[in-house]
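Reminder, nothing fancy here: chain letters follow the sequence lines and each chain counts from 1. Heavy-atom basis, side chains included; hydrogens, waters and symmetry copies ignored.
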Amino acid sequence: MSASLLDSLNPQQREAVTLPHQSALILAGAGSGKTRVLTTRIAWLISTGQVSPLGLMAVTFTNKAAREMLTRISAALPINTRGMWVGTFHGLANRLLRAHHRDANLPQVFQILDSQDQASAIKRLLKAMNVDTEKYEPRKVQWFINGHKEAGLRAKDVEVHDEHTRRLAEIFEAYDAQCQREGVVDFAELLLRSYELMSRNEPLRNHYQARFKHILIDEFQDTNPLQYRWLKLFAGPSTAMFAVGDDDQSIYAFRGAETANMREFEKEFAQGRVIKLEQNYRSHGNILSAANELIARNRERLGKNLWTDAGAGEPIRVFEGYGDQDEAGFIVDEVKALHREGLALSDIALLYRSNAQSRVLEHALFSSGIPYKVYGGLRFFERQEVKHALAYLRVMSFPDDDGAFLRIVNFPARGIGARSLENLQEAAKSGGVSLWVAAQAQSAGKRDAAKGLPAFVNLIEKAREACDGLSLAETLEQVINISGLADYYMNEKDGQDRIENLNELVNAAALFEQDAEVFPTPTLPTSGEGANAGPTPMSPPQPSPLRGEGTNAGSTPINDEGRSVMESFLAHAALEAGEHQAGAGTDALQLMTVHAAKGLEFHSVFITGLEEGLFPHEQSFADADGLEEERRLMYVAITRARRRLYLTHAQSRMLHGQVRYGLPSRFLSELPENLMLPLNKRSAAWAQEPAPAAYSGGGNQGAGGFSIGQNVAHPKFGSGVIVSFEGRGADARVQVRFRDAGVKWLALEYAKLSAA
DNA sequence: GCGTGACATTTTTTT
DNA sequence: AATGTCACGC
């Protein structure tokens, strides 16, 4: 079977898949079969008996990629993939920390903070420390902390040059102490903590290094310094590292990714064993040429040249709309036409630079009745009602989590105001205990109170009793009712959606549980049962450290990592925010940010909002690196398309509640003109009139018979389009974007402007 | 203590 | 536009 597996590969792909037991770097261009090579190599290694399923680790960045890999492996091999170390950096770090939580100095039931949770934890801390939040903005503090953690640095490692930084380091330290107290761990901490665990604990390190014969890393260009160091800790003398990446698709520098890791890896591990996959199987020639031409403008590249033997295909369609609504209208019409020709909606993607841009598109799609699905944005597990319900679960199982406690102590409102909370926090602080313990103390002897703190303490204890022995889904159902969340949202005027989400949450829990039960515990070896991992001597307090912790004597069901299903579910909620959107299975148009589109492909792709300031984003203008990253982002966007590519932009759009006028993106002019097919904006039915309805209405009708969006001619500057105006009568001035002469303000009284 | 409305602030990308 | 913060009145 391995023969047939290899048959369909090209020579470079095959070479990569069948590399001997050595480290190597695979430079894999967009659409060159990267995922295929990775999964085929795993299948090949296992099926040829070179490694057992548990003797390898495969790391990805997104849950989607991890899932995809597992699916493909199970399709190729008759093995149970559960228990295999295939997952995201964060997922695997979580797994390691759960299994060795004692060595990592964490409670068995540590909770994972998502960015929202982290932000509120920081705000709470700043308040408690009496920090001036004008001087130390929570956002910046968060950025500071995460930045350092991602570089592998603790508060004590912060380089202090000035008072401000010194204070930040202090806050950093206090933040970590708070998290430790509350048994919570943020995203960066997952990695840093597991990194420290591995580097400090030699037996543990030796164990894993001996276990993993092969480590395969996807999207290597996106690793940050900490992740790279993290990987290296798992690599023993006999471990082969197989890194697949594309420096041209590095789009996560903003969160610490360093392409330098690729050069570093080449020196340290691959030692010259570099295989380039340059044949693109995805796109037609014109699309690929455009992408190549664009990315060639970047200076910092390892160098690669994608080619295809497919034909040139269609030209790239470019559309300019008057406003964002025209842009959306054009897209709706084109999508309809494509769909009519038989193309599945799910094979068409609408891409944008930032999430906020989806609104207008959604509106247009909704009113035209085209089914669509938005990825990203507000995720299921990030919704407040879901977070509330989960916080109840959390407080029930780990009441010392002050963050979860504060989230729900007075929600739904039960008469606990800021004053009582201040008192409580005071008491907790002086007693050196959690809010929950302090609340319990204050409520002693007031068991039947109907309001206030005692009522809350009562409620939690009652809920605990009521849920004893129940399944996860049943527990959630109970909690949603007992807590009063159900009643609360029932009476809210637009609470119906929230109720539905809560029901959906119960469903998700049931599904999750079912999944956990299909593979009962004993068949699921965890860390300890790698191909050749004998029991390794460990630090004393743990009897069988590699077997995961706490056999959990209680009645709660146990899953593969020896923790309760509830814990796993809470971790799942944080790590995999979830695309629990309606319409699974139905054919729907795909809407997402360019970032979210990485790794995906579609027959037809619309890249929207191609305007200066939007894409490239204005935040990137400051430095050359920022612009290069935007260009790589554009490269990623273009290479998503197999057959047809649309580039759209608008002269004006609503942004932050104001109309903004944007010039066409520089990326449009960086593409080869001969490949482009400009679509005349007037050819579209809705744009027949000189002044489109959207702009002739709300006071935009300019003086002197001109209007925004109108094409004009000037004797000296040539042809252009009116983008704005101010004043009336003799004072009236218009802003014109000329084709060649740039943007100019002209006084209507003097300028010899004529309609064109 | 709690709900309301005025006011200000924000506005990239994600595990 | 949308969300958070603050002050006020009940």
> Tell me the interatomic distance from D114(A), atom CG, to dT15(B), atom C1', rounded to whole angstroms.
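One finds 10 Å between C1' of dT15(B) and CG of D114(A), rounded.
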> Over how many whole Å does the gap from Q357(A) atom CD to dT11(B) atom P extend?
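Spelled out: CD on Q357(A) to P on dT11(B) is 15 Å.
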> F187(A) has an atom CZ; how far is it from atom C1' of dT14(B), in whole Å?
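It works out to 8 Å between those atoms.
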> Start at the 5' end of DNA chain B and walk down; is the nucleotide closest to E137(A) or to S420(A) reached first?
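Upstream on the strand: S420(A).
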> One thing to verify: whether K387(A) and D117(A) come together as a salt bridge, which I'm taking to mean a side-chain N less than 4.0 angstrom from a carboxylate O.
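Yes, this pair counts.
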> What nucleotide, of dT14(B), dA1(C), dG1(B), holds the atom closest to the side chain of M654(A)?
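So the side chain of M654(A) is nearest to dA1(C).
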> Work out how far the C1' atom of dG4(C) is from that of dT13(B), and round it to whole angstrom.
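dG4(C) and dT13(B) have their C1' atoms separated by 23 Å.
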> Could you work out the separation of dT11(B) and dC6(C) based on their C1' atoms and round it to a whole Å?
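Rounded to whole Å, the distance is 22 Å.
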> Within this structure, what is the CG-to-P distance between L575(A) and dT14(B), rounded to whole angstrom?
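After rounding, the gap between these two atoms is 16 Å.
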> How would you label the contact of I251(A) with the nucleic acid (heavy atoms, under 4.0 Å): base, sugar-phosphate, or nothing?
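Nothing, no heavy atom under 4.0 Å.
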> Under the criteria of a ring-centre distance below 5.5 Å and an interplanar angle below 30°, is F61(A) stacked with the base of dT15(B)?
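Stacking between F61(A) and dT15(B): absent.
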> Which is true for R660(A) with a 4.0 Å heavy-atom rule: it touches a base, it touches only sugar-phosphate, or it touches nothing?
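The answer is nothing, as R660(A) stays clear of every strand by at least 4.0 Å.
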> Mind calculating the distance between CD (Q142(A)) and P (dT14(B)) to the nearest angstrom?
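Distance, rounded to whole Å: 15 Å.
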> Please check the phosphate of dA2(C) (OP1 and OP2 only) for any side-chain N or O of R359(A) closer than 4.0 Å.
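For dA2(C), OP1/OP2 do have a side-chain N/O of R359(A) under 4.0 Å.
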> Taking 4.0 Å as the cut-off, does a side-chain nitrogen or oxygen of R379(A) come that near to OP1 or OP2 on dT15(B)?
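Answer is yes, contact under 4.0 Å.
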> Taking only side-chain nitrogens and oxygens of N355(A), does any of them come within less than 4.0 Å of OP1 or OP2 of dT14(B)?
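Indeed, a polar side-chain atom of N355(A) lies that close.
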> Is any side-chain nitrogen or oxygen of S115(A) closer than 4.0 Å to OP1 or OP2 of dT15(B)?
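The answer is no; no side-chain N or O of S115(A) sits under 4.0 Å from OP1 or OP2.
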> Round to the nearest Å and state the distance from H90(A) atom NE2 to dT14(B) atom P.
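Rounded to whole Å, this separation is 14 Å.
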> Nearest to the T88(A) side chain among dT15(B), dT10(B), dG1(B), which nucleotide is it?
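Per side-chain heavy atoms of T88(A), the pick is dT15(B).
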> Verify whether one side chain among D246(A) and Q221(A) offers a donor that lies under 3.5 Å from an acceptor in the other.
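Q221(A) and D246(A) do not have a side-chain donor-acceptor pair below 3.5 Å.
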> Calculate the interatomic distance between F381(A) atom CZ and dT14(B) atom C1'; express it in whole Å.
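F381(A) atom CZ is separated from dT14(B) atom C1' by 17 Å.
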> Taking all heavy atoms of A573(A) and all of L390(A), pick out the closest pair and write down the distance.
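Of all heavy-atom pairs spanning A573(A) and L390(A), the closest is CB-CD1, 3.7 Å.
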> I want to check one thing: is the phosphate of dT11(B), taken as OP1 and OP2, less than 4.0 Å away from some side-chain N or O of R139(A)?
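The answer is yes; a side-chain N or O of R139(A) sits under 4.0 Å from OP1 or OP2.
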> For dC2(B) and N410(A) - does any side-chain N or O of the residue sit under 4.0 Å from the phosphate oxygens OP1/OP2?
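Looking at the OP1 and OP2 atoms of dC2(B), one of them is under 4.0 Å from a side-chain N or O of N410(A).
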> Give a yes or no on whether a salt bridge exists between E362(A) and K373(A), defined as a side-chain N under 4.0 angstrom from a carboxylate O.
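K373(A) and E362(A): not salt-bridged.
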> Between C1' on dT14(B) and CG on L190(A), what's the gap in Å once rounded to a whole number?
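These atoms are roughly 14 Å apart.
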> Name the residue closer to the 5' end of DNA chain B, choosing between G415(A) and H617(A) according to the nucleotide with the nearest heavy atom.
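Upstream on the strand: G415(A).
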> Could you check whether F89(A) gets within reach of a base, just the sugar-phosphate, or nothing at all, counting any heavy atom under 4.0 Å?
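Nothing, no heavy atom under 4.0 Å.
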> Quick one, Y175(A) with D186(A), criterion side chain to side chain donor-acceptor pair (under 3.5 Å). Give me CA distance, side-chain angles, the key distance, then yes/no.
CA-CA 11 Å; Y175(A) 166 77; D186(A) 61 53; 2.8 Å; yes
> Under 4.0 Å between a side-chain N/O of T593(A) and OP1 or OP2 of dT14(B), yes or no?
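So the side-chain polar atoms of T593(A) do come within 4.0 Å of the phosphate oxygens OP1 or OP2 of dT14(B), strictly under.
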> Does the side chain to side chain donor-acceptor pair (under 3.5 Å) test come out yes or no for Y635(A) and Q249(A), once each step is laid out?
CA-CA 7 Å; Y635(A) 175 78; Q249(A) 294 188 67; 5.7 Å; no
